[in-house]
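Heads up: the structure comes next, in structure tokens.
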There are 2 protein chains.
Amino acid sequence: MKSDKISEAVVRRLPVYLRYLNELHTREVPTVSSQELGQKLDLNPAQIRKDLAYFGDFGRKGIGYDVSYLIEKIRHILKLDQQINVALIGAGNLGHALSNYNAYLQETMKIVAVFDSYTPKVGTQINTLTVQPIDELSETVQSKHIRVGIITVPNTEAQRVADQLIEAGIEAILNFAPIILKTPPHVRVHTADFTTDLLSLAYYLEDGKELETNEQLTE
Amino acid sequence: MKSDKISEAVVRRLPVYLRYLNELHTREVPTVSSQELGQKLDLNPAQIRKDLAYFGDFGRKGIGYDVSYLIEKIRHILKLDQQINVALIGAGNLGHALSNYNAYLQETMKIVAVFDSYTPKVGTQINTLTVQPIDELSETVQSKHIRVGIITVPNTEAQRVADQLIEAGIEAILNFAPIILKTPPHVRVHTADFTTDLLSLAYYLEDGKELETNEQLTE
DNA sequence: TAGATTGTTAATCGATTAACAATC
DNA sequence: TAGATTGTTAATCGATTAACAATC
């Protein structure tokens with residue numbers, strides 16, 4: 001196939017493939033079929049083949065996909081064959097948590113700066129990074145060649161921080177605040193909103209299992 | 001319309017509606033149209049009307065939707081008109097961060113217990129909760145009528161914890177570990193995997209903006 | 001009444017899955 | 001050669017959007 005416009009659904013599956021392929025690589029498994037991948041990742045094998053075929057002929061008929069080769073290809077497609085510097089804005093608990101995830105980010109996306117507007121936080125250490133005041137954002141984005149921003153500030157500040165990031169020339173944003181950011185079309189925004197995930201989960205709970213009002217809770 | 005099987009996409013938008021409706025309610029706005037909602041939430045007004053119409057006729061032609069009434073209805077649909085108790089497994093930074101979000105959870109989903117398998121963490125306080133050893137999970141799930149589990153443990157432990165939660169009779173899981181959990185069909189699992197969000201963001205970065213190898217980084 | 005907006009049908013668009021020839 | 005598995009087309013399925021009669 002090759003080319004066409006690629007849908008977001010396809011792009012979002014690529015990191016999932018990559019993650020499992022890395023695991024296979026560690027286990028020194030040389031090749032993998034779309035069948036096996038599908039089983040492991042709960043996806044239809046035809047869908048996996050189609051996803052990959054958008055970008056090239058990576059497999060071999062009768063054999064499957066070479067694990068190392070496919071890793072290389074997907075990393076290239078996702079632009080993860082270069083280091084991508086990331087800034088974290090918001091040094092609260094969530095920011096702290098995320099700063100530990102560098103290892104999961106294919107070692108190519110990397111949080112290289114942390115900012116907070118709350119004065120007592122400025123100057124403290126998060127892992128190896130020193131929390132900077134937010135007004136150094138623009139300068140640091142330039143000097144450290146930061147292309148992606150992660151917003152972990154309170155709701156009320158999220159839009160303002162987004163504006164500042166865009167002003168500073170950032171290209172993409174991962175937003176953890178449960179609000180809809182207004183951004184220009186050239187800046188890609190993904191929202192990681194766990195409150196939506198959790199609240200929508202409630203819909204699928206079974207009916208008739210609520211607490212009875214007279215039921216006693218052991219504390 | 002009313003009824004039919006409701007797609008996951010529809011269910012996932014309900015909390016988004018709810019969140020903004022609550023904001024309108026706070027601002028004492030009495031009614032809202034699908035047009036206004038769509039503008040604010042970046043959604044097609046027809047889609048919003050259709051989503052709501054799956055569950056009943058909540059609007060008034062020529063007027064729009066009564067904010068308070070719609071809040072009540074959506075809360076009922078999402079089963080958020082009762083308290084839903086939640087357990088958090090994993091008392092690391094991420095667990096810590098999430099335990100502060102109770103306020104965003106419509107005050108009906110509530111984290112009422114925290115567990116960790118790492119002995120030194122057991123007994124420490126997270127907000128008002130004392131971290132419990134993981135082998136108290138089953139008992140506490142029963143006694144506190146916990147229906148939902150949030151997994152914030154390391155990758156390697158996630159599947160085991162999921163199994164324990166299911167064994168304990170939990171009905172739904174929000175999984176933060178970047179792996180695909182294997183679970184029986186009656187247990188609903190949502191995955192909140194920010195690494196996928198972030199890595200897929202890289203795809204949308206502009207080409208030709210990589211760091212030149214000879215470019216100097218100011219530290 | 002005139003203007004606004006719903007609920008719903010029909011049209012469109014897009015994504016997933018099945019099927020199979022090609023070929024390792 | 002026989003078995004396995006890809007890449008791709010066609011079929012299916014599902015979700016979004018447009019349009020409009022009904023009506024507040």
Side-chain angles (χ1 to χ4, degrees), chain A residues 1-14 16-17 20-21 24 29-74 77 180 196 200 203, chain B residues 1-14 16-17 20-21 24 29-74 77 180 196 200 203:
Chain A
M1 189 176 285
K2 188 79 168 165
S3 182
D4 277 307
K5 278 150 241 138
I6 308 298
S7 83
E8 180 169 340
V10 174
V11 174
R12 281 190 167 263
R13 282 190 292 268
L14 295 179
V16 178
Y17 300 153
Y20 184 60
L21 288 165
L24 290 176
V29 178
T31 60
V32 67
S33 68
S34 59
Q35 173 103 187
E36 284 170 71
L37 279 170
Q39 202 134 37
K40 197 70 183 182
L41 304 176
D42 261 340
L43 295 170
N44 183 298
Q47 182 171 64
I48 295 174
R49 294 200 297 278
K50 201 160 199 277
D51 284 355
L52 297 174
Y54 280 116
F55 302 99
D57 293 359
F58 300 148
R60 287 213 297 160
K61 293 188 170 82
I63 310 287
Y65 299 89
D66 182 278
V67 171
S68 299
Y69 181 69
L70 193 53
I71 287 174
E72 194 187 311
K73 285 301 180 183
I74 295 180
I77 294 161
I180 312 294
T196 298
S200 64
Y203 177 82
Chain B
M1 189 176 285
K2 190 80 167 165
S3 181
D4 276 308
K5 278 150 244 138
I6 308 298
S7 83
E8 181 171 340
V10 174
V11 174
R12 283 191 166 260
R13 281 190 292 268
L14 295 179
V16 179
Y17 300 153
Y20 184 60
L21 289 165
L24 290 175
V29 178
T31 59
V32 67
S33 67
S34 59
Q35 173 103 188
E36 283 169 71
L37 279 170
Q39 202 134 37
K40 197 68 182 182
L41 303 176
D42 262 340
L43 295 169
N44 183 299
Q47 182 171 63
I48 295 174
R49 294 200 297 280
K50 200 159 199 278
D51 283 354
L52 297 174
Y54 280 115
F55 302 99
D57 292 0
F58 300 147
R60 288 212 297 159
K61 293 190 170 80
I63 309 289
Y65 299 89
D66 182 277
V67 171
S68 299
Y69 182 68
L70 192 53
I71 287 174
E72 195 187 308
K73 285 302 181 184
I74 295 180
I77 294 160
I180 311 294
T196 298
S200 64
Y203 178 81

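Below, chain A is the first sequence line, B the second, and so on; all start at residue 1.
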Could you point out which residue of R49(B), Q47(B), K50(B) forms a side chain to side chain donor-acceptor pair (under 3.5 Å) with S34(B)?
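When side chain to side chain donor-acceptor pair (under 3.5 Å) is applied between S34(B) and each of R49(B), Q47(B), K50(B), only R49(B) qualifies.
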Starting from [atom2] on [N], measure out to [atom1] on [X] and report it in whole angstrom.
X: L43(A); N: dT16(C); atom1: CG; atom2: P; value: 9 Å
X: Q35(A); N: dT5(D); atom1: CD; atom2: P; value: 7 Å
X: N44(A); N: dA19(C); atom1: CG; atom2: P; value: 11 Å
X: L70(B); N: dT5(C); atom1: CG; atom2: P; value: 15 Å
X: I6(A); N: dG14(C); atom1: CD1; atom2: P; value: 14 Å
X: Q47(A); N: dA15(C); atom1: CD; atom2: C1'; value: 8 Å
X: D51(B); N: dG14(D); atom1: CG; atom2: P; value: 17 Å
X: R60(B); N: dA22(D); atom1: CZ; atom2: C1'; value: 15 Å

Over all strands shown, is R49(B) touching base, sugar-phosphate only, or nothing at heavy-atom distances under 4.0 angstrom?
base
Please find the pair of heavy atoms, one from [X] and one from [Y], that lie closest to each other, and give the distance.
X: I77(A); Y: Y203(B); result: O-CD1, 3.4 Å
X: L52(A); Y: F58(A); result: O-CE1, 3.8 Å
X: V67(B); Y: V29(B); result: CG2-O, 3.4 Å
X: R13(B); Y: L43(B); result: CD-CD1, 3.8 Å

Does the side chain of L21(B) come within less than 4.5 Å of Y65(B)'s, by heavy atoms?
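A side-chain contact is absent here, since even the closest heavy-atom pair is not under 4.5 Å.
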Of the nucleotides [options], which one has an atom closest to the side chain of [X]?
X: A46(B); options: dT16(C), dA19(D), dA10(C); answer: dA19(D)
X: S33(B); options: dT5(D), dT5(C), dT16(D); answer: dT5(C)
X: K61(B); options: dT17(D), dC24(D), dT16(C); answer: dC24(D)

Please figure out whether I63(A) or G64(B) has its closest DNA chain C nucleotide nearer the 5' end.
G64(B)
Hey, are E8(A) and R12(A) close enough for a salt bridge, meaning a charged N less than 4.0 Å from a carboxylate O?
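R12(A) and E8(A): salt-bridged.
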So, is [X] near the phosphate of [N], with a side-chain N or O under 4.0 Å from OP1 or OP2?
X: R13(B); N: dA15(D); result: no
X: S7(A); N: dA15(C); result: yes
X: S34(A); N: dT6(D); result: yes
X: Y65(B); N: dC24(D); result: no

For DNA chain C, stems built from three or more consecutive Watson-Crick or G-U wobble pairs below 3.5 Å:
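Runs of three or more consecutive pairs: C:3-24 with D:3-24.
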